[in-house]
Amino acid sequence: MRFTIEEINNRTDLLPGITLGYRIFDYCSDIGSLPSAVDLIACGEGDSVRLGANQSCLPNVVSVSGSIGSTEAITVSQVILSNMLPVVNHGASSVQLSHRQKFPSFFRTVPSDKFQVQAIIHLLKEFRWNWVAFVGNNKDYTLDALEVFHDEIESADICLAYQGFISDTDDGAANDKVLNMIQQQKIEVVVVVGHEGPVKAFLKKAVQRNVRKIWIGSEAWSTSTLDLIEESDIDRLGTVLGVTLHQKTEFNRRPVGSSPPQSSRGSCGQICEKCGELTAKDVNSLESTFSFSTYSAMYAVAHALHKTLSCNQTSCTKSSVEPYMMVKALKNITFTLYNQSIEFDENGDPPAIYDVVFWNWTSKTIDTVGSYNSMLEPSFSLDQDLIHWHSGKDPPILRCSADCNPGQQKKQTSFHSCCFDCVNCTAGTFINHTTKNKCIRCQKHEWSGNGSTSCQERREVYPHFDDPLAILLILATAVTILLCGGTLTLFVRHFDSPVVKSAGRKMSLLVLGFLVLSCVSVFLLLGQPSHVKCKLCAPIFLVFYTATLACLAVRSFQIVCVFKMAAKLPKAFDFWVKHGGRWVIVAICFVVQVVLSTLWMWIDGPVPIERYTEEEIVFTCTYGQHGLLFAMFTVISLISLVCFAFSYMGMDLPKNYNEGKAITFCLFIFYVSWTLFLTLYFIVSQNGNYTLIMMAMGSSMLSSIFGVLLGYFGPKCFIIIFRPERNTATYFQAAIQTYNMQIRR
């Protein structure tokens, strides 16, 4: 401080014609220094350096700097600031001193502890250490930093495993207690924010007990314990990192040639008997943490005074100054020292620039390995290659619990959020960096397995048209329709031939039409279900295939009547033929099935639904009203049984009129195909394979249709095309005569 004031007094561009004076007090204690503090603000002439002598009462000084400790600065500043006398402090970093309502004229050239703690938090986050202890002495410097530390770690995923206070004296028991707690909690990272003396005693105790940890120090002691680093067994301490005020390497301290002024008063701190014995080597060997901040504080006062007195390069126009004027000037000054801007924010704080240091046991030096700057949003940099860890080559992983694997959720096992078990997210949920450590359920159309980090789209399951089975079914249906069309054309061309007449002629054409319409239901099974498909698929097949079976049943009955019942019941047979009995029966069966289908669709018809499995969305149709659906299947089943009964009765008829075998074959195909379908349905439905069920249903429908086409119309088409000699009236009459002769025998 003396060097800075003498340098300012020797300058001609700053405070020209003005000489700065000073008083220096050694701060002993709160009570012992209060008289000195009161003396600074007291009105009086004495030997003070006063400006504005015409004023009735002005303090003895225009500004105060000190003390270096936060607790001491808070105590003294409350006295000094009572009349707005500005304090430009060079060492007190307590967060409390930033409160402008409580300390309206307090300024400082060291950053607030808020920024120091933020730098420490960045250092912890750099290595992802989250299980830490915080210790220090029970002073405002430590308490304020601890409060900020509590606030900052909430958003930094860091847990304070233990907080304790070390002894301010040489009480080894208190330090042992803190070290015991650190060991018991298995804490490997210890943040130490405290004053140099107590911290040094604490670290020595840790060395004695061989407590090897990672120690992170505050600016108060990170570079001020050079004698400690030179001890032979200091490497038993572990690894020491710290933050310290940014050191200006181009700023050189100079020894003071003369001894400080001595006061005749006997109050605390006024007599320094050995100050005059200091050499240049002694001064240069002193700890330099606050050298530049002291230098900056003196220049801040000088620049504020220069502005208040309206000075230029040669002279000052004003001759008086009051405390409030200095406060106003200090709020607005900006100047540069050694390429560093000196200014104060709205709280009287300067920008925060810190160095990150490492205690190098090999070279017995304190090396700078990184930096922190609050002005650059903020910026933090660290060269990890310069750090030699006591535990090995690589930075240790020091966390309460290891990180969870992707797809795992943290299940907290203690009060601290850093201690947890890892549990896989269950199926249907996921977790990633966007879900705030919580398993989130997938959307309805998505799925996920156990331990997933994202959801996938569910596969839509229904009979796709491009599925191989669907393509095969389409081709088979198309071939069946073409065969029906070809058969219909062949029958029309040979409409008056005996074969077509024996097949029922008009009724055979009607059956072929019913078969073609029944094929439409197969196409309705394919593609994504809709309201139209769900409602029409079953009714179309049941109505038209029921009509087909009714025609076959009537045809079987009519042939049996001709050969076996016409002679015995001639009137009944005539009534049947005269009133078109066969058409009436077919119409009744057709209408009954149409009515049942209409009621089924109208009362409670099938609708498309989505059934969700683990990985799929199954698009299917409901069954609608079960009673009516059962009635529809009952009708077709009864007609098939009646048809089978008449066809069996006609098994011994003439060969050309023997349609019993053909119809029996058709019914055999019908029964077998639907029996296989029902068996497959009960087996596959347990696995939810809807696509296979639909394909099986389509195959059963197509088999039933193709069975009629092949079994009933196939032999007739064969005779028409390949055995035309059998398609004559003579051949059919011969067959009838042979049958009559066999009956008579």
Side-chain angles (χ1 to χ4, degrees), residues 70 93-96 112-168 174-195 198-199 202-203 205-206 211-222 237-243 354 356 372 378 380 382 391 395-404 410-421 436-437:
S70 294
S93 56
S94 171
V95 179
Q96 295 185 47
S112 167
D113 282 336
K114 172 184 177 181
F115 301 107
Q116 177 182 202
V117 173
Q118 289 177 352
I120 293 175
I121 294 294
H122 275 81
L123 182 59
L124 295 173
K125 291 171 63 177
E126 180 75 14
F127 298 105
R128 303 184 69 245
W129 296 331
N130 69 358
W131 190 241
V132 302
F134 188 103
V135 299
N137 49 324
N138 195 6
K139 296 289 184 179
D140 289 303
Y141 176 64
T142 299
L143 297 175
D144 288 352
L146 178 59
E147 183 178 352
V148 177
F149 191 78
H150 273 293
D151 295 338
E152 294 290 334
I153 62 175
E154 290 183 3
S155 59
D157 191 27
I158 297 173
C159 294
L160 183 57
Y162 169 72
Q163 64 184 51
F165 297 108
I166 60 179
S167 173
D168 287 332
N175 291 338
D176 277 329
K177 180 180 178 181
V178 172
L179 292 172
N180 288 337
M181 291 300 298
I182 292 174
Q183 294 285 66
Q184 291 175 12
Q185 297 287 338
K186 297 181 180 180
I187 303 169
E188 298 298 326
V189 182
V190 184
V191 177
V192 184
V193 179
H195 295 122
V199 170
F202 176 70
L203 295 181
K205 176 63 71 172
V211 180
R212 296 169 65 85
K213 304 292 182 183
I214 293 178
W215 308 90
I216 299 179
S218 63
E219 46 82 19
W221 65 270
S222 292
L237 193 60
T239 302
V240 179
L241 300 171
V243 296
Y354 290 98
V356 180
Y372 173 82
F380 181 85
L382 186 71
S391 56
I397 300 175
L398 305 175
R399 304 175 65 81
C400 182
S401 298
D403 289 338
C404 292
K410 297 177 182 178
K411 183 178 181 181
Q412 194 167 332
T413 57
S414 71
F415 172 78
H416 296 285
S417 61
C418 302
C419 305
F420 49 81
D421 291 334
K436 297 182 179 180
N437 190 41

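Gly194 and Ser218 make their closest contact through N-OG, 3.7 Å (heavy atoms, listed as atom of the first residue, atom of the second, distance). Nearest heavy atom pair, residue Val192 against residue Trp221, reads O-NE1, 3.0 Å.
Separation of atoms CD1 (Ile214) and CZ (Phe127) is listed at 8.0 Å; rounding is to 0.5 Å. Here the CD atom belonging to Glu188 is positioned 12.0 Å from the SG atom belonging to Cys400, to the nearest 0.5 angstrom. Rounding to the nearest 0.5 angstrom, the gap separating the OH atom in Tyr162 from the CD atom in Gln185 is 9.0 Å. Atom-to-atom distance recorded for Lys213:NZ and Ser391:OG is 11.5 Å, nearest 0.5 angstrom. Separation of atoms CZ (Phe149) and CG (Leu143) is listed at 14.5 Å; rounding is to 0.5 Å. Between Ile216 atom CD1 and Phe134 atom CZ the span is 11.0 Å, to the nearest 0.5 Å.
The closest side-chain heavy-atom distance from Gln183 to Val211 is below 4.5 Å. For the pair Asn437 and Phe420, the minimum side-chain heavy-atom distance is 4.5 Å or more. In this structure, the side chains of Trp215 and Leu203 come closer than 4.5 Å at one or more pairs of heavy atoms. Using a 4.5 Å cut-off on side-chain heavy atoms (C-beta onward), Ser417 and Gln412 make contact. Within the 4.5 Å cutoff, the side chain of Leu124 has no heavy atoms near those of the Asn130 side chain. Contact check for Ser93 versus Glu219: side-chain heavy atoms found under the 4.5 Å cut-off.
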N/O donor to acceptor pairs below 3.5 angstrom from side-chain atoms of residues 150-161, sequence neighbours left out:
| from | atom 1 | to | atom 2 | distance (Å) |
| --- | --- | --- | --- | --- |
| His150 | NE2 | Gln163 | OE1 | 2.9 |
| Glu152 | OE2 | Gln118 | NE2 | 3.4 |

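In the model, Gln116 has a side-chain atom that pairs as donor or acceptor with a side-chain atom of Asp113 under 3.5 Å.
Surrounding NZ of Lys177 are at most 12 heavy atoms belonging to other residues, nucleotides or ligands under 6.0 Å away. Environment of CD in Glu126: crowded, with over 12 heavy atoms of neighbouring residues, nucleotides or ligands closer than 6.0 Å.
Val189 pairs with exactly one of Leu398, Leu241, Leu123 by the side chain to side chain contact (heavy atoms under 4.5 Å, CB included) rule, that one being Leu398. For the side-chain hydrogen bond (donor to acceptor under 3.5 Å, both in side chains) criterion with His195, the lone passing option out of Asp168, Asn137, Thr142 is Asn137.
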**OP:** Begin with the C-alpha distance, continue with both residues' side-chain angles, and end with the deciding distance and a verdict on side chain to side chain contact (heavy atoms under 4.5 Å, CB included) for Val356 and His122.
**Re:** CA-CA 11 Å; Val356 180; His122 275 81; over 6 Å; no
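Between the side chain of Ser167 and the main chain of Asn175, no donor-acceptor pair closer than 3.5 Å is present.
Residues satisfying the side-chain hydrogen bond (donor to acceptor under 3.5 Å, both in side chains) criterion with Lys205, sequence neighbours excluded, are absent altogether.
Ring geometry for His416 against Trp131 counts as perpendicular: the plane angle is over 60°, on a 0 to 90° scale with 30° as the lower cut.
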